[in-house]
Undergrad: 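Quick one: the structure is below, and I'll ask about it shortly.
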Amino acid sequence: MTQPRPSRLHDNAERDSDAKQKRKVAEIYQVLNNEPVDIAPLRRMAISEGGLLMDEIRCKVWPRLLNVNIDDLLPAPEEELRENSKDYQQVLLDVRRSLRRFPPDMPDEQREGLQEELIDCILQVLQRNTQLHYYQGYHDIVVTFLLVVGERLAATLVEKLSTHHLRDFMDPTMENTRHILNYLMPIIDQVNPDLHDFMQRAEVGTIFALSWLITWFGHVLSDFKHVVRLYDFFLACHPLMPIYFAAVIVLHRAPEVLACDCDMASVHHLLSQIPQDLPYETLISRAGDLFVQFPPSKLAQEAAQQLAERTAVSTFKDFELASSQQEPDTILRQRFREQREQLWAEERAKSLLATKPRTNRFVKLAVMGLTVALGAAAVAVVKSALEWAPKFELQIFP
């Protein structure tokens with residue numbers, strides 16, 4: 001029996017994919033052409049496989065997801081903007097280091113012009129919102145919007161984003177950022193308690209995920225198409241969705257984590273080197289499912305307990321000390337490890353007596369194998385985003 005040639009199978013798959021994308025593009029434009037525009041289907045399509053597909057569509061849909069009127073954009077920056085900004089020097093340094101965020105084949109003159117626009121965009125948002133504080137990594141988010149939608153629309157979208165989704169990262173201290181990071185371990189604990197316990201014994205904390213969270217993965221992913229795909233997802237969802245996506249990355253890498261040495265430096269080094277070939281669509285689907293199964297309201301108590309027991313900042317001091325010893329003495333390391341294991345065993349025994357039994361968290365996700373947009377997860381994720389969206393003008397992040 002003659003088997004089909006691989007090239008013919010590949011061609012058929014490509015045709016099916018193209019047809020599917022064309023149908024999705026048509027559906028998006030159909031929603032956009034209706035007045036008033038229904039945001040719910042736009043959110044579902046931003047979440048579903050492939051996201052919004054192309055920048056031309058993102059220019060039209062991203063403002064809708066952020067409740068921005070494109071006829072009311074921010075004015076052009078003032079000439080004295082840089083002179084009057086206390087953040088100018090730091091922003092300038094960060095933007096100069098942002099070469100990798102621009103397409104590698106972009107002419108130098110064009111890139112330099114975009115970097116100037118990036119500086120002005122950041123400073124304008126900060127000038128107009130004096131309650132916001134610049135942080136290193138903010139420029140990684142702003143440059144994504146700049147490259148997709150252009151300077152003026154980018155400034156308007158970033159201002160809305162900064163006063164809502166990113167608000168906690170732009171406080172004078174990192175307290176609220178640490179609190180969001182503290183949701184990471186409870187999510188992991190719900191799905192894979194063995195992995196959670198291993199990471200707790202290693203005392204790795206959550207600092208490895210800080211740059212993921214505060215840049216929406218823009219700083220750590222080298223392929224721009226993956227960055228904008230995640231931005232489609234995050235803009236359509238609850239503002240805590242990036243921490244769920246961070247959790248599914250760690251869960252996806254569980255075999256690697258459990259195979260490495262159970263010490264802070266080893267686990268931190270492994271997790272901080274994020275792979276570039278992640279199965280993004282699968283992870284996006286799983287993050288949506290986890291949000292439905294374990295919403296933030298159910299994890300809030302455990303996140304608060306994480307903050308009380310051990311914060312990311314305290315573990316980072318220990319990590320700096322460990323990584324400064326490039327050739328640590330093997331015997332001393334082993335002794336420290338044994339002491340940690342013993343202390344952990346004692347604390348674990350006490351906690352088992354003091355707390356209720358751990359339930360079985362290895363539950364098969366109800367809609368795994370389906371894209372989020374096709375199952376119950378999509379409805380719940382979109383519903384949570386829609387319930388949150390009307391609160392934009394209330395500034396729910398204090």
Side-chain angles (χ1 to χ4, degrees), residues 52 54-63 65-66 68-167 169-170 172 211-232 234-235:
L52 297 174
M54 58 187 73
D55 288 351
E56 178 185 340
I57 293 177
R58 292 185 176 100
C59 289
K60 299 178 183 298
V61 176
W62 281 6
L65 298 179
L66 283 170
V68 165
N69 182 359
I70 60 173
D71 295 323
D72 187 22
L73 302 182
L74 297 188
E78 301 173 357
E79 292 185 4
E80 308 83 16
L81 178 64
R82 299 188 182 193
E83 297 176 7
N84 297 334
S85 173
K86 62 180 177 59
D87 298 299
Y88 172 61
Q89 290 300 327
Q90 184 61 58
V91 172
L92 178 63
L93 289 173
D94 290 345
V95 169
R96 283 177 176 171
R97 291 193 291 259
S98 66
L99 295 180
R100 59 182 292 273
R101 293 303 317 280
F102 294 88
D105 56 348
M106 179 178 285
D108 290 344
E109 184 177 350
Q110 182 183 1
R111 174 187 51 75
E112 290 168 2
L114 285 170
Q115 285 181 308
E116 294 301 312
E117 292 178 3
L118 177 57
I119 293 172
D120 287 342
C121 183
I122 293 171
L123 296 182
Q124 186 178 23
V125 171
L126 295 174
Q127 180 194 56
R128 288 171 51 88
N129 301 271
T130 55
Q131 78 278 16
L132 301 179
H133 296 261
Y134 177 77
Y135 64 87
Q136 287 183 287
Y138 181 69
H139 69 289
D140 286 298
I141 289 182
V142 181
V143 72
T144 303
F145 282 86
L146 179 64
L147 290 171
V148 172
V149 304
E151 182 182 14
R152 289 200 60 202
L153 182 52
T156 307
L157 296 182
V158 167
E159 181 175 51
K160 178 59 73 72
L161 192 74
S162 301
T163 53
H164 299 92
H165 292 70
L166 307 179
R167 181 64 183 84
F169 308 147
M170 305 190 75
S211 64
W212 305 357
L213 182 66
I214 65 176
T215 69
W216 277 12
F217 297 85
H219 182 72
V220 294
L221 298 181
S222 58
D223 195 327
F224 190 70
K225 70 180 181 183
H226 295 146
V227 175
V228 293
R229 171 66 188 101
L230 287 180
Y231 278 43
D232 293 341
F234 295 152
L235 287 170

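We number each residue from 1, following the sequence as shown.
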Undergrad: Would Arg167 and Leu132 count as a side chain to side chain contact (heavy atoms under 4.5 Å, CB included) here? Give the steps.
TA: CA-CA 7 Å; Arg167 181 64 183 84; Leu132 301 179; 3.7 Å; yes
Undergrad: With sequence neighbours excluded, tell me which residues meet side chain to side chain donor-acceptor pair (under 3.5 Å) with Glu116.
TA: Arg82
Undergrad: Dump the intermediate steps for side chain to side chain contact (heavy atoms under 4.5 Å, CB included) on Val143 and Phe102, then the final yes or no.
TA: CA-CA 8 Å; Val143 72; Phe102 294 88; 3.8 Å; yes
Undergrad: Residues in ring-ring contact (aromatic ring centres under 6.0 Å, His included) with Tyr135, at least two apart?
TA: Tyr138
Undergrad: Could you tell me whether the side chain of Arg100 and the main chain of His219 form a donor-acceptor pair under 3.5 Å?
TA: yes
Undergrad: What distance do Leu230 atom CG and Lys225 atom NZ have between them, rounded to the nearest 0.5 Å?
TA: 12.5 Å
Undergrad: Got a second to check how far Gln115's CD is from Leu118's CG, nearest 0.5 Å?
TA: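 Spacing of CD (Gln115) from CG (Leu118) equals 7.5 Å.
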Undergrad: Starting at CG of Leu66, measure out to NZ of Lys160 and round the result to the nearest 0.5 Å.
TA: 7.0 Å
Undergrad: Could you note down all residue pairs passing ring-ring contact (aromatic ring centres under 6.0 Å, His included) where residues 142-161 supplies at least one of them, sequence neighbours left out?
TA: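 Non-adjacent pairs meeting ring-ring contact (aromatic ring centres under 6.0 Å, His included): Trp62-Phe145, Phe145-Tyr231.
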Undergrad: Mind listing the closest non-hydrogen atom pair of Val227 and Gly218 along with its distance?
TA: CG1-CA, 4.0 Å
Undergrad: Would you find a donor on one side and an acceptor on the other, under 3.5 Å apart, between the side chain of Ser162 and the backbone of Val158?
TA: yes
Undergrad: With Arg229, which residues qualify under side chain to side chain donor-acceptor pair (under 3.5 Å), at least two apart?
TA: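 Side chain to side chain donor-acceptor pair (under 3.5 Å) list for Arg229, sorted by chain: Glu281.
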Undergrad: In chain order, what residues pass the side chain to side chain donor-acceptor pair (under 3.5 Å) check against Gln110, with sequence neighbours excluded?
TA: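 Result, side chain to side chain donor-acceptor pair (under 3.5 Å) vs Gln110: none returned.
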Undergrad: Would you give the length of the straight line joining atom CZ of Phe234 to atom NE2 of His165, rounded to the nearest 0.5 angstrom?
TA: 10.5 Å
Undergrad: How many angstroms lie between atom CD of Gln136 and atom CG of Leu93, to the nearest 0.5 angstrom?
TA: 8.5 Å
Undergrad: Check ring-ring contact (aromatic ring centres under 6.0 Å, His included) between Phe217 and all other residues, then give those that pass, not counting sequence neighbours.
TA: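 Partners of Phe217 under the ring-ring contact (aromatic ring centres under 6.0 Å, His included) test: Trp212, Phe245.
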Undergrad: List for me each residue that meets salt bridge (charged side-chain N to carboxylate O under 4.0 Å, His left out) alongside Asp87, sequence neighbours excluded, and say none if there are none.
TA: none
Undergrad: Can you name the one residue among Leu157, Ile122, Leu161, Leu147 that meets side chain to side chain contact (heavy atoms under 4.5 Å, CB included) with Val142?
TA: Ile122
Undergrad: Return the set of residues passing ring-ring contact (aromatic ring centres under 6.0 Å, His included) with His133 (not counting sequence neighbours), or none when no residue passes.
TA: none
Undergrad: List the atom of Thr215, the atom of Gly137, and the distance in Å for their closest heavy-atom pair.
TA: CG2-O, 3.4 Å
Undergrad: How far does NE2 of His139 sit from SG of Cys121, to the nearest 0.5 angstrom?
TA: 13.0 Å
Undergrad: Could you list the donor-acceptor pairs under 3.5 angstrom formed between side-chain atoms of residues 70-80 and any protein atom two or more places apart in sequence or on another chain?
TA:
none

Undergrad: With Asp55, which residues qualify under salt bridge (charged side-chain N to carboxylate O under 4.0 Å, His left out), at least two apart?
TA: Arg58
Undergrad: Check step by step if side chain to side chain contact (heavy atoms under 4.5 Å, CB included) holds for Gln131 and Thr163.
TA: CA-CA 9 Å; Gln131 78 278 16; Thr163 53; 4.1 Å; yes
Undergrad: For the pair Leu126 and Lys86, evaluate side chain to side chain contact (heavy atoms under 4.5 Å, CB included) and give the outcome as yes or no after the intermediate values.
TA: CA-CA 10 Å; Leu126 295 174; Lys86 62 180 177 59; over 6 Å; no
Undergrad: For residues Val220 and Ser211, report the shortest heavy-atom separation together with the two atoms involved.
TA: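 Shortest heavy-atom separation between Val220 and Ser211 comes out as CG1-OG, 3.6 Å.
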Undergrad: Scan residues 121-130 for pairs that pass side-chain hydrogen bond (donor to acceptor under 3.5 Å, both in side chains), counting only residues two or more places apart or in two chains.
TA: Arg128-Glu159, Asn129-Glu159
Undergrad: Are the side chains of Thr144 and Phe224 in touch, meaning some heavy atoms are under 4.5 Å apart?
TA: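 Thr144 vs Phe224: side chains touch.
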Undergrad: Only counting residues at least two apart or in another chain, list the ones meeting side chain to side chain donor-acceptor pair (under 3.5 Å) with Tyr88.
TA: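 Testing Tyr88 for side chain to side chain donor-acceptor pair (under 3.5 Å), a comparison that skips the adjacent residues, returns none.
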Undergrad: Taking Asp232 for the side chain and Leu52 for the main chain, is one N or O donor matched with an acceptor at less than 3.5 Å?
TA: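 A pair under 3.5 Å: yes.
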